[in-house]
Protein chains: 2
Amino acid sequence: MSMNSSESVEMYVKSVAELGGDRQPVPIGRVAERMDVTPVSANEMMKRLGSQGYIEHQMYKGVLLTRAGLTMANNIIRRQRLWECFLVDKLKLDWARSHELACDLEHATAEEVVEALVSYLGSPTHCPHGNPIPEADSQELLETGVLLSELATGHSGRILAIRPESHEVLAYLHHRMLLPGTEVTVVEAAPLQGPLTLHMNDQEVVLGLNLASLVLIEELCCP
Amino acid sequence: MSMNSSESVEMYVKSVAELGGDRQPVPIGRVAERMDVTPVSANEMMKRLGSQGYIEHQMYKGVLLTRAGLTMANNIIRRQRLWECFLVDKLKLDWARSHELACDLEHATAEEVVEALVSYLGSPTHCPHGNPIPEADSQELLETGVLLSELATGHSGRILAIRPESHEVLAYLHHRMLLPGTEVTVVEAAPLQGPLTLHMNDQEVVLGLNLASLVLIEELCCP
DNA sequence: TCGTAGTATAAGGTATACCTTATACCTCTA
DNA sequence: TAGAGGTATAAGGTATACCTTATACTACGA
């Protein structure tokens, strides 16, 4: 019962959570991609995480988070999003950069710092990218909205959140003003996984489908 | 020319600086003690730091910081003391705990965060324990005041700073109200490295000599 | 159903950062 | 000046977290 979760272990558990490991088995190959390691390395680590009780490995299918794993993931995500709030709201740092800066800090943050940060920030509920901040030791991974990539042509919605994959993605979306709160309408969806054409802020914006799948939308029923 | 300074490397360089490696050779045994590793391990690491140009090893005498080493140490100390200010002034966390909490954060802090933190905190000049915050890339390790352990009997002074060795030490001194700003008079110095008897806040306080050597004093000429 | 893409495991290697044990060596003090 | 205590190095071990190469196995689509 060692409470030794190294930075590496924490990053893997967070990755599994962000790949949906709380609901469906996540293929280890996906984890390897996300962590930028070889499948062999990811496999080794999954074995370790399994023996430490954070994941359950279904052969040839993927890994699922256990309760302990989900709790750990939520606590890491909690820390990260709180730091993002601090970096953006207080330090006025770049919205797109905040994600990776917070990722460095999240592993070095004691519980008492997290709780003090919560009060200091006024108990924020969402990070600057619109993602919900889990409660401490939460067992559920909150999901908001539908993917912009799955919004039907002609339909409208308001951007709720951006899944913060990388600095690159965030900077790109920030530059096109695809930010939480913005209203968008899908004008056209090109065939063969082609890009979406969106109407927003009285402008037309063309967005790749993979990028659109990182944008979470609250569909507006009466546009 | 790799800008890879691992947490371990950073901690060793900081230790050497705090042991006076900017002025006199620090015996590697002292470094080993401070880092809580064996002399053999410290020796291995000193070899690496030497090859990376952070220290200079004088055989059987000790290690000295190079320019690069001193710059690194100052930047680490700068980060730590800034975080201490944030933790104590903004988050209202424990004065004694802030040192080690900041030590965790200091290695995970990007340059842009440091600079944003400086503005946010209003460019503080000293940490909550009274130690000066070095400028970015500073080449000089600032020293303030004289050691309380070297204050002559009968003399008075004002506490400038506490050398933050450990949580234990800080908690002890905090409990006795030995804080920056307090005025103290040395009433008696027991022989054979015995404890000091101090007069402060209309009370008598007895303090071990080793502890007194962690307290920095501005001597008051006309008590 | 066959093959391929993806998944699993074995074997062996690297780098970091520690450890122990043993030996040699220097410096300083009694 | 001799010995003790501290310092240096060699040799070999551990754990983590990666890697490559090779082999085997599974699942799924054509």
R34(A): what forms a side-chain hydrogen bond (donor to acceptor under 3.5 Å, both in side chains) with it, not counting sequence neighbours? E18(A), E165(A)

When you check the gap from the basic side-chain N to the acidic O, do E33(A) and R30(A) get nearer than 4.0 Å?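 The answer is yes: the pair qualifies as a salt bridge.
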
With each end axis built from five pairs of C1' atoms, what bend angle do you get for the helix from dT1(C)-dA30(D) to dA30(C)-dT1(D)? Round to 10°.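 Answer rounded to 10°: the end axes differ by 0°.
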
Approximate separation, where rounding is to 0.5 Å, of L214(A) CG and H129(A) NE2: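 NE2 of H129(A) is found 12.5 Å from CG of L214(A).
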
Report the distance from atom CD1 of I76(A) to atom OG1 of T109(A), rounding to the nearest 0.5 Å.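 One finds 11.0 Å between CD1 of I76(A) and OG1 of T109(A).
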
Tell me which donor-acceptor pairs under 3.5 Å the side chains of residues 147-154 of chain A have, and how far apart each pair is, sequence neighbours excluded?
none

Please report the distance, rounded to the nearest Å, between [atom1] in [X] and [atom2] in [N].
X: Y12(B); N: dA17(C); atom1: OH; atom2: C1'; value: 8 Å
X: D36(B); N: dC19(C); atom1: CG; atom2: C1'; value: 13 Å
X: L49(A); N: dA8(C); atom1: CG; atom2: P; value: 14 Å

Do nucleotides 4-16 of chain D as a string where each nucleotide becomes B, S or -: B if the base has a protein heavy atom under 4.0 Å, S if just the sugar-phosphate does, - if no protein is that close. --BBSBB-----S

Run the side-chain contact (heavy atoms from CB on, under 4.5 Å) test against E188(A) and tell me which residues pass, sequence neighbours left out. T197(A)

Say whether D137(B) and N75(B), considering side chains only, have a donor N or O and an acceptor N or O under 3.5 Å apart.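 Note: D137(B) and N75(B) side chains meet the donor-acceptor criterion.
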
Can you sort out the partners of H57(A) under ring pair (Phe, Tyr, Trp, His ring centres under 6.0 Å), two or more places apart, ordered by chain and number? none

